Protein chains: 2
Amino acid sequence: MNSLDQFPKSRADVVSMLRDSGITPTHQRIKIGEVLFSCKQHLSAEQVLVAVNQEDEEVSKATVYNTLGVFAQHGLISEVIVDPSKVFYDSNLSKHHHLYYSDTGELEDLTDESVEISKLPELPNDLQIEDVDVIIRVHRN
Amino acid sequence: MNSLDQFPKSRADVVSMLRDSGITPTHQRIKIGEVLFSCKQHLSAEQVLVAVNQEDEEVSKATVYNTLGVFAQHGLISEVIVDPSKVFYDSNLSKHHHLYYSDTGELEDLTDESVEISKLPELPNDLQIEDVDVIIRVHRN
DNA sequence: TTGGGTGCAAACTATTTGCATTCGA
DNA sequence: TCGAATGCAAATAGTTTGCACCCAA
């Protein structure tokens with residue numbers, strides 16, 4: 001396991017990640033990367049915007065959306081679609097599933113091993129499976 | 001199996017369903033119910049709006065959203081959250097999963113038997129599981 | 001009759017887009 | 001330098017809300 005598989009990442013690691021993915025490492029993208037890749041987490045675009053501009057006003061809303069889109073396209077983060085009102089961006093790159101608290105909107109990771117799918121349907125072979133998402137929706141009593 | 005478990009449903013069946021759920025069967029709700037419960041399908045709010053007003057302008061957009069919310073709360077339909085841009089309402093009440101074509105936005109049912117989950121994580125017992133969603137995201141070659 | 005249901009328009013929120021400006025390589 | 005990236009503001013889309021009116025029971 002090399003340093004790029006670990007959290008948290010230094011600024012230099014973020015720059016490497018971006019370069020490795022063919023993404024030009026600009027100030028804004030690096031800043032956003034530092035926020036996202038500091039630990040495994042789920043953030044909405046709005047949360048990223050706030051976190052990134054904590055100290056100074058550095059990144060615009062449009063750029064946050066843009067950048068999240070670029071990162072997702074390159075597989076650096078994944079979109080988690082569980083809440084009808086917004087998309088979460090997940091910096092946990094390992095295979096895993098989600099536990100969603102529908103009352104509070106919280107999202108938690110479930111390790112890949114904690115869920116086992118023993119059977120999937122046969123699909124026409126012109127179909128590529130991108131992902132098999134398992135979402136357990138729960139609420140507190 | 002009684003008639004209410006089957007598709008398509010007559011106007012009278014829709015009225016019964018609504019009454020059984022404690023929902024006042026108004027003109028608009030019945031109309032929306034007739035559209036939704038005519039067969040197993042996935043419709044967005046927009047599609048319901050169009051279908052309902054096919055012949056005459058009968059139901060407003062706000063009422064469609066309202067009514068879909070009421071139906072979902074009472075378990076007559078379920079919300080399917082797979083597309084970041086909109087919610088689908090599913091009139092298929094039997095347990096099942098979904099196949100989502102991320103390129104076209106199409107949504108297909110997978111029968112419950114076609115997917116088998118052999119292991120779920122242990123959850124604190126103050127948590128109620130509402131649902132376990134499996135979504136297979138695919139795209140064509 | 002009368003309180004819940006509806007229609008409408010306006011408000012809101014998340015996200016996208018167009019275009020002039022700026023900046024990384 | 002120079003094309004790619006950014007910022008901004010305005011546009012868009014889906015959804016929600018407030019309120020006066022209406023109708024099912």
Side-chain angles (χ1 to χ4, degrees), chain A residues 11-12 14-33 35 42-53 56-74 76-77 79-89 102 105 107, chain B residues 11-12 14-33 35 42-53 56-74 76-77 79-89 102 105 107:
Chain A
R11 180 181 176 89
V14 172
V15 172
S16 302
M17 285 181 68
L18 297 185
R19 274 196 220 288
D20 289 351
S21 299
I23 299 173
T24 308
T26 64
H27 285 149
Q28 290 88 342
R29 288 171 173 179
I30 296 167
K31 186 87 192 189
I32 293 171
V35 167
H42 309 106
L43 296 174
S44 64
E46 181 62 27
Q47 290 174 311
V48 172
L49 181 66
V50 169
V52 152
N53 293 324
D56 326 274
E57 207 59 32
E58 292 184 88
V59 188
S60 74
K61 182 178 276 201
T63 299
V64 168
Y65 276 97
N66 248 319
T67 301
L68 291 172
V70 171
F71 285 9
Q73 279 169 38
H74 287 79
L76 297 178
I77 51 178
E79 298 185 334
V80 185
I81 300 163
V82 281
D83 185 313
S85 73
K86 62 173 116 32
V87 174
F88 285 104
Y89 291 88
S102 59
L107 188 59
Chain B
R11 180 182 176 91
V14 172
V15 172
S16 301
M17 286 180 67
L18 298 184
R19 272 195 222 289
D20 290 351
S21 300
I23 299 172
T24 309
T26 63
H27 285 150
Q28 290 86 343
R29 288 171 173 179
I30 295 167
K31 186 87 192 190
I32 293 171
V35 167
H42 309 106
L43 296 174
S44 64
E46 182 62 26
Q47 291 174 308
V48 172
L49 181 65
V50 169
V52 153
N53 292 325
D56 326 274
E57 207 59 32
E58 291 183 88
V59 188
S60 73
K61 182 179 276 201
T63 298
V64 168
Y65 276 97
N66 248 320
T67 301
L68 291 172
V70 171
F71 285 7
Q73 277 169 40
H74 287 80
L76 297 179
I77 51 179
E79 297 184 335
V80 184
I81 301 163
V82 281
D83 185 313
S85 73
K86 64 173 115 30
V87 175
F88 285 103
Y89 292 89
S102 59
L107 189 59

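Predicted model, so just to flag it, every value in this text is computed and none were measured. Only heavy atoms go into these numbers, but all of them, side chains included; no hydrogens, no water, no symmetry mates. The chains referred to below are lettered A, B, ... by the order of the sequence lines, with proteins before strands, and numbering in each begins at 1.
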Checklist entry - Only one of B:Val52, B:Thr67, B:Asn53 forms a side chain to side chain contact (heavy atoms under 4.5 Å, CB included) with B:Lys31, so which one is it? => result B:Val52
Checklist outcome for this item: Axis-to-axis angle for the helix from C:dT1-D:dA25 to C:dA25-D:dT1, ends of five pairs each, to 10°, equals 30°
Next on the checklist: Nearest to the A:His27 side chain among C:dG7, D:dA9, C:dG24, which nucleotide is it?
Outcome noted: C:dG24
Checklist entry - A:Thr24 has a side chain; which of D:dA4, C:dG7, D:dT6 sits nearest to it? => result D:dA4
Checklist entry - Where do A:Ala45 and A:Val64 come nearest, in terms of heavy atoms and distance? => result O-CG1, 3.7 Å
Next on the checklist: Counting only side-chain heavy atoms from C-beta out, which of D:dG14, C:dT15, D:dA9 sits nearest to B:Lys86?
Outcome noted: D:dG14
Item to check | Residue pair B:His42 / B:Tyr89, side-chain heavy-atom distance below 4.5 Å | outcome: no
Checklist entry - Which of the following nucleotides, D:dT15, C:dG7, D:dA5, is nearest to the side chain of B:Lys61? => result D:dT15
Checklist entry - Quick one: are A:Gln47 and A:Phe88 in side-chain contact, heavy atoms under 4.5 Å? => result yes
Checklist entry - Which nucleotide in the list D:dA4, C:dG7, C:dT16 gets nearest to the side chain of B:Gln28? => result C:dG7
Next on the checklist: If you only use heavy atoms from C-beta on, which nucleotide in C:dA25, D:dT15, D:dA25 is closest to the side chain of B:Tyr65?
Outcome noted: D:dT15
Checklist entry - Counting only side-chain N and O atoms of A:Arg19, is one of them less than 4.0 Å from OP1 or OP2 of C:dA25? => result yes
Checklist entry - What do you reckon, is NE2 of B:His74 surrounded by more than 12 foreign heavy atoms closer than 6.0 Å? => result yes
Checklist entry - Between B:Glu46 and A:Thr63, who's closer to the 5' end of DNA chain D by nearest nucleotide? => result A:Thr63
Next on the checklist: Mind checking if A:Pro84 touches a base, just sugar-phosphate, or nothing, with heavy atoms under 4.0 Å?
Outcome noted: nothing
Checklist entry - If you pin B:Pro25 and B:Ala45 to their nearest nucleotides in DNA chain D, which one's is more 5'? => result B:Ala45
Item to check | Nearest-0.5 Å distance, OG1 of residue B:Thr63 to CD1 of residue B:Ile32 | outcome: 7.0 Å
Item to check | Nearest to side-chain heavy atoms of B:Arg29, which nucleotide of C:dT6, D:dT15, C:dT15 | outcome: C:dT6
Checklist entry - With side chains defined as the heavy atoms from C-beta onward, is the minimum distance between B:Leu76 and B:Ile23 less than 4.5 Å? => result yes
Checklist entry - How is A:Ser44 classified with respect to the nucleic acid when contacts are heavy atoms under 4.0 Å: base, sugar-phosphate, or nothing? => result nothing
Item to check | Of the listed nucleotides D:dA25, D:dT6, C:dT6, the one nearest the side chain of B:Thr67 | outcome: C:dT6
Checklist outcome for this item: Ranking C:dC8, D:dC8, C:dG5 by distance to the side chain of B:Ala62, first place goes to C:dC8
